[in-house]
Amino acid sequence: QVQLVESGGGLVQPGGSLRLSCAASGSIFSASTMGWYRQAPEKQRELVATITRTSSTIYADSVEGRFTISRDNAKNTVYLQMNGLQPEDTAVYYCRDFMNNAWGQGTQVAVSS
């Protein structure tokens, strides 16, 4: 059974940075395309970024140039480095394993002064 556990969320001031982590178990992590999604209150869940098994990346227009997705296959972990955070980035952030259609439980990110 695939398990994904996110961490690294928190409260940060506008312009600040956070690094989210997603630790995977129960899967052949290196073979999976991984992604980060987010869901703000009263809004639909949206794709933030994806990274393939060969580390090709795709970003939503709203985060391009500010966020960076990466992976460490030796640690079965995918990361999301978030810089230049703005209040509109406030959401619960979820990790997803596309190959196994698995989701993490989410980690809250709040950007406020």
Side-chain angles (χ1 to χ4, degrees):
Q1 183 178 359
V2 177
Q3 288 191 324
L4 303 173
V5 179
E6 301 100 332
S7 60
L11 174 64
V12 64
Q13 292 186 340
S17 298
L18 284 174
R19 188 195 197 200
L20 305 183
S21 299
C22 171
S25 61
S27 68
I28 305 175
F29 177 80
S30 61
S32 298
T33 291
M34 303 295 295
W36 287 97
Y37 284 72
R38 66 185 181 186
Q39 187 166 18
E42 301 182 0
K43 291 189 176 180
Q44 289 189 331
R45 191 172 297 190
E46 63 175 359
L47 179 65
V48 175
T50 63
I51 185 166
T52 69
R53 60 184 181 86
T54 58
S55 294
S56 295
T57 58
I58 295 175
Y59 296 94
D61 289 345
S62 58
V63 307
E64 181 82 50
R66 298 188 298 124
F67 291 11
T68 302
I69 188 171
S70 62
R71 66 192 297 159
D72 185 337
N73 290 337
K75 295 183 178 180
N76 287 358
T77 301
V78 60
Y79 304 98
L80 186 68
Q81 177 67 44
M82 306 186 294
N83 298 329
L85 284 162
Q86 299 301 319
E88 53 266 33
D89 296 315
T90 295
V92 178
Y93 284 71
Y94 297 90
C95 177
R96 183 182 182 191
D97 176 335
F98 283 82
M99 187 173 73
N100 296 286
N101 195 26
W103 292 86
Q105 83 288 350
T107 186
Q108 177 72 53
V109 171
V111 185
S112 175
S113 55

>> Atom CD of residue position Glu88 - does it have more than 12 heavy atoms of other residues, nucleotides or ligands inside 6.0 Å?
In response: yes
> Which distance, rounded to the nearest 0.5 Å, do you find between the CG of Asn73 and the OG of Ser55?
Replying inline: 6.5 Å
> Are Leu4 and Ile69 joined in one hydrophobic group, where the rule is that I, L, V, M, F, W and Y side chains link up if heavy atoms are under 4.5 Å apart?
Replying inline: yes
>> Any side-chain to backbone donor/acceptor pair from Glu46 onto Gln39? Under 3.5 Å, distance only.
In response: no
>> Less than 4.5 Å apart, side chain to side chain, heavy atoms only: is that true for Cys95 and Trp103?
In response: no
> Would you say Tyr37 and Val78 are hydrophobically clustered, going by side-chain heavy atoms of ILVMFWY under 4.5 Å?
Replying inline: no
> Just wondering, are more than 12 heavy atoms of other shown residues or ligands nearer than 6.0 Å to CD1 in Ile58?
Replying inline: no
> Does Arg53 reach the side chain of Met99, with side-chain heavy atoms less than 4.5 Å apart?
Replying inline: no
> Are the side chain of Ser32 and the backbone of Met34 linked by a donor-acceptor contact shorter than 3.5 Å?
Replying inline: no
>> Quick one, Asn76 with Arg71, criterion side-chain hydrogen bond (donor to acceptor under 3.5 Å, both in side chains). Give me CA distance, side-chain angles, the key distance, then yes/no.
In response: CA-CA 8 Å; Asn76 287 358; Arg71 66 192 297 159; over 6 Å; no
>> Can a donor-acceptor pair be found, under 3.5 Å and without considering hydrogens, that links the side chain of Thr90 to the backbone of Val111?
In response: yes
>> Please give me the minimum heavy-atom distance between Phe98 and Leu47, naming the atom from each residue.
In response: CZ-CD1, 4.4 Å
>> Name the residue from Leu80, Leu20, Val92 that meets the side chain to side chain contact (heavy atoms under 4.5 Å, CB included) definition with Thr107.
In response: Leu20
> What pair of heavy atoms forms the shortest contact from Ser27 to Asn100, and how long is it?
Replying inline: CB-ND2, 3.6 Å
> Can you name the closest pair of heavy atoms from Ala91 and Ala40 and give their distance?
Replying inline: CB-N, 3.8 Å
> Under 6.0 Å from the CG atom of Leu11, do we count more than 12 heavy atoms belonging to anything else shown?
Replying inline: yes
> Tell me, do Val48 and Met82 make a side-chain contact under 4.5 Å, heavy atoms counted?
Replying inline: no
>> Hydrophobic clustering (ILVMFWY, side-chain heavy atoms < 4.5 Å, transitive) - are Trp36 and Tyr79 grouped together?
In response: no
> Any donor-acceptor pair under 3.5 Å linking the side chain of Gln81 with the backbone of Arg19?
Replying inline: no
> Do Asp89 and Arg38 touch side chain to side chain, with heavy atoms closer than 4.5 Å?
Replying inline: yes
>> Grouping I, L, V, M, F, W and Y whenever their side-chain heavy atoms are under 4.5 Å apart, do Tyr94 and Val109 come out in a common cluster?
In response: no
> Between Thr77 and Ala23, what is the shortest heavy-atom contact and its length?
Replying inline: OG1-CA, 4.1 Å
> How are the rings of Phe67 and Tyr93 set relative to one another: parallel (under 30°), tilted (30 to 60°) or perpendicular (over 60°)?
Replying inline: tilted
> Do the side chain of Glu6 and the main chain of Gln105 share a donor and acceptor less than 3.5 angstrom apart?
Replying inline: yes
> Got more than 12 heavy atoms from elsewhere within 6.0 Å of CZ, Arg45?
Replying inline: yes
